[in-house]
Asker: 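Questions regarding the structure given below will be posed in turn.
Keep in mind that the numbers below use all heavy atoms, side chains included, and drop hydrogens, waters and symmetry copies.
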Amino acid sequence: MDSEKQVLAVLNDVVEAWNAGDATAYGRLFTEDAIYVTFFGLTMPGRKAIEEGHRALFDGPLKGSKLTGGGKPGVRFVRPDVAVVLSGGGRSVNGESGPASTVTYVLVKDDAGWLITSFQNTRVSDPRAAL
């Protein structure tokens, strides 16, 4: 399997783990020292914090939520072992759509395969609304 397909497989695993509400599987997709920034600016440093934070979300306010697609992600390799991915999407809870977002992932490859080392989720909004 080529590198782009491997990277996209990790993103598919993100969706599967989220949609299953599986914080352990979700956390395993990140490096031990990953940085995770939510759409409202909270930073979760490291795999353990990412897993624990998502466990609280999956057991609480985002229980039963599903990630929704935003088209094919754009993958750019800055080195053979580093990929930057720009993806769109959103989530739904109990059938109600949440805000759309743009997500930037940085993935790194080591002997075990590709893992996410940085994640930034930004809500899509109309900047004119802030004026």
Side-chain angles (χ1 to χ4, degrees):
M1 184 182 316
D2 72 20
S3 291
E4 182 171 343
K5 287 181 182 175
Q6 291 172 359
V7 165
L8 293 174
V10 172
L11 300 186
N12 186 64
D13 292 345
V14 165
V15 172
E16 287 183 7
W18 183 290
N19 290 351
D22 188 339
T24 302
Y26 192 80
R28 280 192 206 121
L29 300 170
F30 294 84
T31 62
E32 289 290 337
D33 62 348
I35 302 291
Y36 191 107
V37 182
T38 68
F39 64 82
F40 55 86
L42 174 70
T43 300
M44 293 184 223
R47 178 186 290 159
K48 184 177 179 183
I50 294 165
E51 180 180 338
E52 290 173 359
H54 283 83
R55 181 167 289 108
L57 291 171
F58 295 156
D59 290 344
L62 296 182
K63 185 173 185 145
S65 67
K66 304 296 181 201
L67 292 182
T68 56
K72 186 177 186 235
V75 179
R76 182 172 68 91
F77 291 92
V78 294
R79 293 190 337 213
D81 61 342
V82 178
V84 177
V85 180
L86 188 63
S87 178
R91 64 172 165 73
S92 65
V93 180
N94 300 322
E96 300 273 331
S97 293
S101 63
T102 299
V103 180
T104 304
Y105 299 87
V106 177
L107 291 89
V108 293
K109 183 179 183 183
D110 63 17
D111 293 337
W114 289 93
L115 291 173
I116 302 162
T117 196
S118 181
F119 173 99
Q120 168 76 50
N121 186 359
T122 305
R123 281 188 177 179
V124 174
S125 63
D126 183 350
R128 295 169 293 181
L131 299 177

Asker: Looking at every non-hydrogen atom in both residues, tell me the closest pair between Ala56 and Pro61 and how far apart they are.
Answerer: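 Reported closest heavy-atom pair: O-CD, 3.9 Å.
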
Asker: For residues Val10 and Leu29, report the shortest heavy-atom separation together with the two atoms involved.
Answerer: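 That closest heavy-atom pairing would be O-CD1, 4.3 Å.
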
Asker: How long is the gap from CZ on Arg47 to OG1 on Thr24, to the nearest 0.5 Å?
Answerer: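 The CZ atom of Arg47 sits 11.0 Å away from the OG1 atom of Thr24.
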
Asker: Give me the other members of the hydrophobic cluster that Val82 sits in, counting Ile, Leu, Val, Met, Phe, Trp and Tyr linked by side-chain heavy atoms under 4.5 Å, directly or via other members.
Answerer: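 Joined to Val82, directly or through intermediates: Val78, Val84, Val106, Val108.
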
Asker: Is a side-chain donor or acceptor of Lys109 paired with a backbone partner of Trp114 at a separation under 3.5 angstrom?
Answerer: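 Judged by distance alone, no pair lies under 3.5 Å.
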
Asker: So which atom in Ala34 and which in Ile116 form the shortest heavy-atom distance, rounded to 0.1 Å?
Answerer: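 Looking at all heavy atoms of both residues, the closest pair is CB-O, 3.7 Å.
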
Asker: Report the distance from atom CD1 of Ile50 to atom OG1 of Thr38, rounding to the nearest 0.5 Å.
Answerer: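 Those atoms lie 11.5 Å apart.
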
Asker: Measure centre to centre between the rings of Tyr36 and His54, then say whether the value is under 6.0 Å.
Answerer: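 They qualify: ring centres under 6.0 Å apart.
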
Asker: Could you measure the distance from the CG atom of Asp59 to the CG atom of Leu62? Nearest 0.5 Å is fine.
Answerer: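 Atom-to-atom, Asp59:CG and Leu62:CG are 10.5 Å apart.
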
Asker: When rounded to the nearest 0.5 angstrom, what distance separates OG1 in Thr104 from CG in Leu86?
Answerer: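 These two atoms lie 5.0 Å from each other.
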
Asker: Are Val75 and Tyr105 grouped together when hydrophobic residues (ILVMFWY) are joined by side-chain heavy atoms under 4.5 angstrom apart?
Answerer: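 In one cluster with Val75: Tyr105, yes.
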
Asker: With Glu16, which residues qualify under salt bridge (charged side-chain N to carboxylate O under 4.0 Å, His left out), at least two apart?
Answerer: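 With neighbours one apart ignored, the set is empty.
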
Asker: Could you state the interatomic distance from CG (Leu115) to CG (Leu107), rounded to the nearest 0.5 Å?
Answerer: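 Output value for this atom pair is 8.0 Å.
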
Asker: Using the rule that two of Ile, Leu, Val, Met, Phe, Trp, Tyr join whenever any of their side-chain heavy atoms come within less than 4.5 Å, decide whether Val103 and Leu57 are in one cluster.
Answerer: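 The answer is yes; both residues are in one hydrophobic cluster.
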
Asker: Tell me, with the steps shown, if Phe119 and Val14 meet side-chain contact (heavy atoms from CB on, under 4.5 Å).
Answerer: CA-CA 12 Å; Phe119 173 99; Val14 165; 5.8 Å; no

Asker: Using 0.5 Å steps for rounding, measure from the CZ atom of Phe58 to the CD atom of Glu51.
Answerer: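 Rounded to the nearest 0.5 Å, the CZ-CD separation comes to 10.0 Å.
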
Asker: Apply the test side-chain contact (heavy atoms from CB on, under 4.5 Å) to residues Leu8 and Lys72: give CA-CA distance (whole Å), side-chain angles for both, the deciding distance (0.1 Å), then the verdict.
Answerer: CA-CA 9 Å; Leu8 293 174; Lys72 186 177 186 235; 4.1 Å; yes

Asker: Using a 4.5 Å cut-off on heavy atoms from C-beta on, say whether the side chain of Glu4 contacts that of Phe77.
Answerer: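 Of all side-chain heavy-atom pairs linking Glu4 with Phe77, at least one is under 4.5 Å.
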
